[in-house]
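Data first, discussion second: the structure below is written as structure tokens.
Below, chains carry the letters A, B, ... as their sequence lines are ordered, and counting in each starts from 1.
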Protein chains: 2
Amino acid sequence: MKQTEPRGRGLKKTGRPLSFDRDTALERAMLTFWRHGYETTSITDLTAAMGITTPSLYGAFGDKKRLFLESVALYAGDLEATAQAIAAAPSALDAARTLLMGAVITYTGEATPPGCLLASATASGSPASSDVRQSVAGIRSFVASHLEQRIARDIASGVLPPHTDASALAGLVMTVMQGLSVMARDGMARASLQAIVATALQAWPRR
Amino acid sequence: MKQTEPRGRGLKKTGRPLSFDRDTALERAMLTFWRHGYETTSITDLTAAMGITTPSLYGAFGDKKRLFLESVALYAGDLEATAQAIAAAPSALDAARTLLMGAVITYTGEATPPGCLLASATASGSPASSDVRQSVAGIRSFVASHLEQRIARDIASGVLPPHTDASALAGLVMTVMQGLSVMARDGMARASLQAIVATALQAWPRR
DNA sequence: TGGCTTTCATATCGAACACTACGAAAGTTG
DNA sequence: CAACTTTCGTAGTGTTCGATATGAAAGCCA
């Protein structure tokens, strides 16, 4: 079941050069997945958006699943940097606020589709794509665990009350972040979402 | 573009009786949509789950879209009853708690798929199914507006502080409710989700 | 210029998609 | 029982799905 290796990444020994910019094509694919979801985006949709033909897509990106996973990586950005930003925040509350307010900006950008690619693209799907959904869920749990650790640090240092439920608090932030995606998809304005985030942060324990 | 009328609802003048129970078949279709989503559920999936053949499905339910909308109605239940329950609650906080805790029970039922049918089934989709998504979004906005009215009543009666943002507070409840669906789909346990709800309700304004 | 390698465009592939024609079968009504 | 209405099972409609076979075209190096 070994698939042919996509040629965009490996070293190549002098041949006809690519007639398109790989990064640009990937970004357009990412936006298409973002708008329509994983299984509900067809190869025809992708080639139309990317401006390339079907064999070029398969030659450069392997297959639909690998193109999607590359799109997810482009969307999610540097996860280690996110983890470090959470760790380096002045407080867990600051980290949560930054995460949520940043999500609102991302979900309501004028140049990008509404909502979150991770939340939208894999909310549903056939059993055949369960591995793709698990991959996306892994990104969520990565962020959640780092946030929970940051909260635990604030508890240990006395910034948060000792009885604080770090898991539930981190879970609330992740829950709100996912919910914001649905609201953004429903067309809610950026200011309304920001007001929701401000309200949600009122749940933060005070000592 | 007039479609043939599904025969399950109209009066019929004596013919061969249905060999299956329409309500049972509808419930199984609803569960299938719940698990796999709208566009990502095929007619073959549905007939297999419902135990009927393709022509029977079309004869009894019209087409895929109408079958889905009937499934949504079955899932959502009596919306007017929900609205009255919100209005009749002792306080807006009670209404919100009932909504969210009920959602957790629904999203983590052992006999039903994880998460929310409305949140999962239409999170993504092609432009062709935008009308289906709008129909689902309408259910959300119906609940949200009734909750917001209940909150406004508590503000007027002095139960909530006068500066309370009713729209943002109702929006937070809806946001958490949608987010809970994603977390449940990721496999989070019922108790964890209940802890998240309890934490979220700490955001409720106190006078 | 003559290989050599890789990408290009055209034209599909078999499978799955939503959906339906048609005649046999199963009831009710006279 | 015979006429009538409706559903059932079989088989198929055209379309779109993800993914390819094939050969010409384009560039690098000798």
Short side-chain N/O contact to [N] OP1/OP2 from [X], under 4.0 Å:
X: Tyr58(B); N: dT20(C); result: no
X: Thr53(B); N: dG9(D); result: yes
X: Ser56(B); N: dC8(D); result: yes

Taking salt bridge (charged side-chain N to carboxylate O under 4.0 Å, His left out) as the definition, give me every residue that meets it alongside [X], ordered by chain and number, with sequence neighbours left out.
X: Arg185(B); answer: none
X: Asp78(B); answer: none
X: Asp45(B); answer: none
X: Asp186(B); answer: Arg140(A)

Integer-rounded Å distance: [N] [atom2] and [X] [atom1]:
X: Lys64(A); N: dT20(D); atom1: NZ; atom2: P; result: 14 Å
X: Lys65(B); N: dA18(C); atom1: NZ; atom2: P; result: 13 Å
X: Leu57(A); N: dC17(D); atom1: CG; atom2: P; result: 14 Å
X: Arg22(A); N: dT7(C); atom1: CZ; atom2: P; result: 11 Å
X: Asp63(B); N: dA18(C); atom1: CG; atom2: C1'; result: 9 Å
X: Leu18(B); N: dT5(D); atom1: CG; atom2: P; result: 18 Å
X: Ile52(B); N: dT10(D); atom1: CD1; atom2: P; result: 15 Å

Next item on the list: Just jot down the side chain to side chain contact (heavy atoms under 4.5 Å, CB included) partners of Thr175(B), sequence neighbours excluded, or say none.
Entry: Val176(A), Leu180(A), Met183(A), Ile196(A)

Notebook entry, point to check: When the ring planes of Tyr38(B) and Phe68(B) are compared, do they come out parallel, tilted or perpendicular, using 30° and 60° as the limits?
Noted result: tilted

Check: Among residues 30-46 of chain B, which contact DNA chain C at a heavy-atom distance under 4.0 Å?
Finding: Thr41(B), Ser42(B), Ile43(B), Thr44(B)

Check: Does anything in residues 81-92 of chain A pair up under side chain to side chain donor-acceptor pair (under 3.5 Å), and if so which pairs, sequence neighbours excluded?
Finding: Ser91(A)-Asp94(A)

Check: Counting side-chain heavy atoms from C-beta on, which of dA9(C), dA19(D), dT10(D) comes nearest to Pro55(A)?
Finding: dA9(C)

Check: Taking the side chain of Ser19(A) as its heavy atoms from C-beta onward, which of dC19(C), dC8(C), dT20(D) lies nearest to it?
Finding: dC8(C)

Notebook entry, point to check: What salt bridge (charged side-chain N to carboxylate O under 4.0 Å, His left out) pairs are there with at least one residue in residues 101-114 of chain A, not counting sequence neighbours?
Noted result: none

Look for any protein N or O under 3.5 Å of an N or O in nucleotides 25-27 of chain C and output each such pair with its distance, or none.
residue	atom	partner	partner atom	Å
dA25(C)	N3	Arg16(B)	NH1	3.1
dA26(C)	O4'	Arg16(B)	NE	3.2

Check: Less than 4.5 Å apart, any side-chain heavy atom of Val72(B) and any of Ser135(B)?
Finding: no

